[in-house]
Amino acid sequence: MDKNRIKGGLYGLLVGDALGVPYEFHHSSQIPGYDLIEMNPPAGFSRAHSGVKPGTWSDDGAQALCLLDSLLEKGRFSLTNFSGKLLAWYDAGLWAVDNYVFDVGNQTAEALNALRGGMSPEKCGNICPEGKGNGALMRVLPLALWHTGTDEELVNDAHRQCLITHGHITNQVCCALYCLVARRLLEGMDFNAALSHSVENIREIYADMPEYLDEFEFRIQPDEPDIWEGNGGGYVIDSLRSVFMIMREADCYEDAVKSAVSLGNDTDTTACILGGLAGIAFGYDSIPERWIAALRGKEDFAGLLNELMEKRC
């Protein structure tokens, strides 16, 4: 497996997240021009999370590192172990930069409070039965970076990692498709080929899972003309479509993540989800050095990355 792609995936996710943090909650019309989108916004911009230092990843990156940590520790996906790490993040800042948790989605908070109260992790993600936010999609990439099983096993684990906070089947299907696309990119496919292959592959996997197949065909609607268009919002399908819209045209990492931030709205999460795929597709070497240098907390996850690289390479 290509080390440059694996490293690019993890760094790409975290850099994209950190880049998007100060621009969150702004409409696209309020986002600075392309050349001005940096870790530190231009003077006069009313940045979100004003007390957070530039270059800091958010809950997205921290939860992704919790997933990677759990996978490496257990050697398999364990919902119980992963859920415990998410609770340790929520309560004590595990894998958050400076152990400071500054942004928590409402559905995630309710689910983790339920976990602390004794609810099983399999049920916590349905505490908001119709919850379809992007909180499981934003963190799932390490599963694709780590996984060496079959596509069917990867899809099943992508489903299960949703259960603790975002258990609705819509979230599960989006995470499964995203992981398959990431896997194909890791194998060297270009994005459009990876997406086409993954759409057909997931149909085969879901052939004996009618509920999931119906959800994929009628909610994701992959065959509809111009379906891969999005607005950078927090709805999981809009997140997925926004990321795929950009990746279909992107020719480098910087252009891709700046395009994600330019959509406005849920900028950190869109750029995080997009950044992971772009980091794989274009490699670690494509991520601007100034953004790598500005990323805070690099030393903290170096051990996880090294362990991951030893496993996969």
Side-chain angles (χ1 to χ4, degrees), residues 8 10-66 89-90 93 95-106 108-109 133-135 137-139 141 230-235 238-239 242-243 245-247 250 252-279 286-301:
L10 188 60
Y11 262 95
L13 179 158
L14 295 169
V15 167
D17 181 6
L19 181 70
V21 163
Y23 304 97
E24 191 179 13
F25 311 128
H26 290 75
H27 187 268
S28 59
S29 63
Q30 300 172 305
I31 302 296
Y34 180 92
D35 292 337
L36 298 177
I37 296 174
E38 293 292 341
M39 294 282 190
N40 200 5
F45 179 77
S46 179
R47 58 179 297 154
H49 312 293
S50 58
V52 175
K53 295 178 181 179
T56 302
W57 64 74
S58 72
D59 56 328
D60 309 35
Q63 290 186 38
L65 291 173
C66 285
W89 159 75
Y90 184 44
W95 294 114
V97 180
D98 299 329
N99 304 118
Y100 175 48
V101 177
F102 61 87
D103 190 14
V104 183
N106 292 335
T108 296
N134 53 20
L137 183 61
M138 71 188 190
R139 68 184 182 225
L141 183 68
N231 300 306
Y235 174 44
D238 184 59
S239 289
S242 298
V243 166
M245 173 182 70
I246 294 169
M247 284 297 299
C252 69
Y253 179 88
E254 180 171 353
D255 178 64
V257 292
K258 283 188 173 183
S259 296
V261 173
S262 293
L263 293 175
N265 303 309
D266 199 4
T267 51
D268 59 330
T269 302
T270 308
C272 171
I273 298 167
L274 181 285
L277 294 186
S286 72
I287 303 174
E289 291 183 5
R290 68 186 187 279
W291 290 349
I292 297 291
L295 185 67
R296 303 178 66 237
K298 294 185 292 293
E299 301 80 7
D300 296 334
F301 71 84

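Just so you know, these numbers use all the heavy atoms, side chains as well, and skip hydrogens, waters and symmetry mates. The first residue of the sequence shown is numbered 1, and numbering continues consecutively from there.
Here the side chain of Ser242 pairs a donor or acceptor atom with the backbone of Gly232 at under 3.5 angstrom. Remark: side-chain polar atoms of Trp291 are not paired, donor with acceptor, to backbone N or O of Glu254 under 3.5 angstrom.
With sequence neighbours left out, the ring pair (Phe, Tyr, Trp, His ring centres under 6.0 Å) criterion links Phe25 to His49. Remark: Asn134 engages Ser239, Asp266 in a side-chain hydrogen bond (donor to acceptor under 3.5 Å, both in side chains) (not counting sequence neighbours). Residues meeting the ring pair (Phe, Tyr, Trp, His ring centres under 6.0 Å) test with Tyr11, sequence neighbours left out: Tyr284, Phe301.
When side chains are defined from C-beta on, Pro54 does not count as touching Glu38, because their heavy atoms never get closer than 4.5 Å. Side chains of Leu263 and Ile246 form a contact here, defined as non-hydrogen atoms less than 4.5 Å apart. Contact of the Val97 side chain with the Lys53 side chain is not registered, since no non-hydrogen atoms from C-beta on lie closer than 4.5 Å. Between Leu14 and Lys298 there is no side-chain heavy-atom pair separated by less than 4.5 Å. With a 4.5 Å cut-off on side-chain heavy atoms, Val257 and Leu274 count as touching. Within the 4.5 Å cutoff, the side chain of Cys272 has no heavy atoms near those of the Trp57 side chain. Proximity of Thr267 to Leu19: side-chain heavy atoms (C-beta onward) are nowhere separated by under 4.5 Å.
Smallest separation of non-hydrogen atoms from Arg47 and Val52: NH2-O, 3.2 Å. Annotation for Trp89 and Val104: closest pair CH2-CG2, 3.9 Å, computed over non-hydrogen atoms. Leu295 approaches Ala18 most closely through the heavy-atom pair CD1-CB, 3.9 Å. Contact record, Pro22 with Phe45: O-CE2, 3.4 Å, taken as the closest heavy-atom pair. The two residues Gly135 and Gln63 make their nearest non-hydrogen contact at O-OE1, 3.9 Å.
The side chain to side chain contact (heavy atoms under 4.5 Å, CB included) with Ile273 is formed by just one residue from the set Leu141, Leu13, Leu137; it is Leu137. Here the rule is side chain to side chain contact (heavy atoms under 4.5 Å, CB included) with Asp17, and of Thr56, Asp60, Thr270 only Asp60 fits it.
Atom CD1 of Ile287 is separated from atom SG of Cys252 by 11.5 Å, given to the nearest 0.5 angstrom. Residue Met138 holds its CE atom at 4.0 Å from CG of Asp59, rounded to the nearest 0.5 Å. To the nearest 0.5 Å, the span separating CG on Leu277 from OH on Tyr253 amounts to 10.5 Å. Rounding to the nearest 0.5 angstrom, the gap separating the CE atom in Met245 from the OG atom in Ser259 is 8.0 Å.
At a cut-off of 3.5 Å, with distance as the only test, a side-chain donor of Asp268 or Ser58 sits close to an acceptor on the other residue.
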